[in-house]
Novice: 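Below is the structure I would like to discuss, written out as structure tokens.
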Protein chains: 2
Amino acid sequence: MRLSKRERQKKLKLSLEAEPFLTDEEMARRFGVSIQTIRLDRMELGIPELRGRIKHMAEKNFDGVRSLYPEEVIGQVTELKLDHSGVSELEIREEHVFARHRVARGHHLFAQANSLAVAVVDAEVVLTATASIRFVRPVRLGEKCVAVARVTKVTSNRTQVDIQTFVEDEVVFQGVFDVYRSKEDQ
Amino acid sequence: MRLSKRERQKKLKLSLEAEPFLTDEEMARRFGVSIQTIRLDRMELGIPELRGRIKHMAEKNFDGVRSLYPEEVIGQVTELKLDHSGVSELEIREEHVFARHRVARGHHLFAQANSLAVAVVDAEVVLTATASIRFVRPVRLGEKCVAVARVTKVTSNRTQVDIQTFVEDEVVFQGVFDVYRSKEDQ
DNA sequence: CCACATGTTAGTACCAAGTACTAAATCAGT
DNA sequence: ACTGATTTAGTACTTGGTACTAACATGTGG
């Protein structure tokens, strides 16, 4: 007997944590036992079959990850009057702060403001051209940032958007975004 | 005929984007056609079978997501002379661009620059205070952004960092970051 | 009105990666 | 040598398909 049952099951569990895409067949080959043995092991350990594992992984980050990073807008837009004003909310969570001192990394506040600035402008193509920003005070884990946007100037192909971000009644961030816009082509 | 072929295929595609876990059987039921029709549709549209879709999703964020967002530094820092200069590289991928026109969202370029500005300053606590930035030209999917930082001024508790980001030899982003720093406490 | 094209359905054989179950073989230790 | 645990073999069945063939339906142009 190459390995005791206990040992094999322990290794099996570890292997599957590291490589969840292994089939029973492959595992049987690796441990030099029959496929049935592997299946009995999985039964005893309560480990679901390959397809179940894969599906579980896919489900887990279907409505997790989807909205984590690739959001079109960072933060939740709560009010929006195109070419006029808008409001967006963002709660500062673990993933937004420096592990060290739990203060939000600046680019998240910027991302919220930038997203809102872009969202508030009504055009086919909207891109930020320039921005001047100020981080008034550090924002900490758990605080809710409310960004308020107001369109302040509109020229032929540029729109200026002023943004102020609040925690409660306190301004924590402010910025002036100069946004380029165009219709359709190019 | 309930729906034209084109219509059905269009809806099929949209349905699967929203609910990738649908089986052919379920789709056939929903559209009131045979399972074979659905399969022909998938063939024509180049949509893989359920298991393929699920597996793809699971794989994508098995060694993808883990390091996607919670990076301390956005981009890969390749050179770093503390309180002097630094270089960071960021390849623009799917998750960085607008789905529409494949142009990188501004806050990613900002995040790269901001991370680098903070990384280059040698202190216990480093926070961005103000920044003035300019998106010189749009950056597209697949382009590699190289951000170059240079410390230009140091006062008692502030450091000024100038950043230029290049794609090949072309400047695509530039910014001046005024960074607050302090030792140890609060 | 016939013919041919396009679209749809039916049906078969086959596959991967299993479950569920039965039965036989092997081993370990007393 | 016998007993109980462990391992292996083998069969039937399942899901959600692929790949392929053949028939049927519905037009649409000539």
Novice: Atom CZ of A/Phe31 and atom P of D/dT6: how far apart are they, to the nearest Å?
Specialist: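 Result: 17 Å.
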
Novice: Base, sugar-phosphate, or nothing for B/Arg53, non-hydrogen atoms under 4.0 angstrom?
Specialist: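 Contact class for B/Arg53: none.
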
Novice: Distance check needed: D/dG17 P versus B/Phe21 CZ, whole Å only.
Specialist: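 Value for this atom pair: 13 Å.
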
Novice: With the threshold set at 4.0 Å, does a side-chain nitrogen-carboxylate oxygen contact exist between B/Glu168 and B/Lys144?
Specialist: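 Salt bridge absent between B/Glu168 and B/Lys144.
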
Novice: Is there a side-chain contact between B/Thr37 and the phosphate of C/dT9, meaning an N or O under 4.0 Å from OP1 or OP2?
Specialist: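 Yes, B/Thr37 has a side-chain N/O under 4.0 Å of OP1/OP2 on C/dT9.
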
Novice: Run the side chain to side chain contact (heavy atoms under 4.5 Å, CB included) check on B/Arg8 and B/Thr37 step by step: do they pass?
Specialist: CA-CA 10 Å; B/Arg8 174 166 28 81; B/Thr37 301; 3.4 Å; yes

Novice: For B/Leu40, report the nucleic acid contact type (base, sugar-phosphate, nothing); a contact means any heavy atom under 4.0 Å.
Specialist: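 Base contact.
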
Novice: Does B/Arg39 make a side-chain N or O approach to OP1 or OP2 of D/dG16 shorter than 4.0 Å?
Specialist: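 So the side chain of B/Arg39 is outside the cut-off, no N or O lying under 4.0 Å from OP1 or OP2 of D/dG16.
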
Novice: Look at the rings of B/His101 and B/Phe98 and say which category their plane angle falls in: under 30° parallel, 30 to 60° tilted, over 60° perpendicular.
Specialist: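 B/His101 and B/Phe98: parallel rings.
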
Novice: If you check every side-chain atom of A/Ser34, which of C/dG18, D/dT8, D/dG16 has the closest atom?
Specialist: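 Nearest nucleotide to the side chain: D/dT8.
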
Novice: Output the rounded distance in Å from NZ (B/Lys55) to P (D/dG16).
Specialist: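 For the pair B/Lys55 NZ and D/dG16 P, the rounded distance is 17 Å.
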
Novice: The side chain of B/Arg51 lies closest to which of these nucleotides: D/dT8, D/dG16, C/dA17?
Specialist: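 Minimum distance to the B/Arg51 side chain belongs to D/dG16.
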
Novice: Nearest-Å distance, CZ (B/Arg42) to P (D/dG16)?
Specialist: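 Computing the B/Arg42:CZ to D/dG16:P distance gives 12 Å.
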
Novice: Rounded to whole angstrom units, what separation is found between the CD1 atom of A/Ile38 and the P atom of D/dT6?
Specialist: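 It works out to 15 Å between those atoms.
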
Novice: Between B/Ile35 (CD1) and C/dT8 (P), how many Å, whole number?
Specialist: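 Atom CD1 in B/Ile35 sits about 16 Å away from atom P in C/dT8.
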
Novice: In whole Å, what is the span from the CD1 atom of B/Ile54 to the C1' atom of D/dT15?
Specialist: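 Result: 11 Å.
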
Novice: Looking only at the side chain of A/Leu50 (C-beta and beyond, no hydrogens), which of the listed nucleotides D/dG17, D/dT7, C/dG18 gets closest?
Specialist: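 In terms of side-chain proximity for A/Leu50, the closest of D/dG17, D/dT7, C/dG18 is C/dG18.
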
Novice: Tell me whether the rings of B/Phe110 and A/Phe110 are parallel (<30°), tilted (30 to 60°) or perpendicular (>60°).
Specialist: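 Correct class here is parallel.
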
Novice: In whole angstrom, what separates B/Glu25's CD from D/dT15's C1'?
Specialist: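 Spelled out: CD on B/Glu25 to C1' on D/dT15 is 9 Å.
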
Novice: Any carboxylate oxygen within less than 4.0 angstrom of a Lys/Arg side-chain nitrogen, looking at B/Glu25 and B/Arg29?
Specialist: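 No, no charged N to carboxylate O under 4.0 Å.
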
Novice: Counting heavy atoms from C-beta on, name the nucleotide in D/dT15, D/dT7, C/dA17 closest to the side chain of A/Arg8.
Specialist: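 Closest nucleotide to the A/Arg8 side chain: D/dT7.
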
Novice: Whether the side chain of B/Gln36 and the base of C/dG11 hold a donor-acceptor pair under 3.5 Å is what I'd like checked.
Specialist: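 Donor-acceptor pair under 3.5 Å: yes.
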
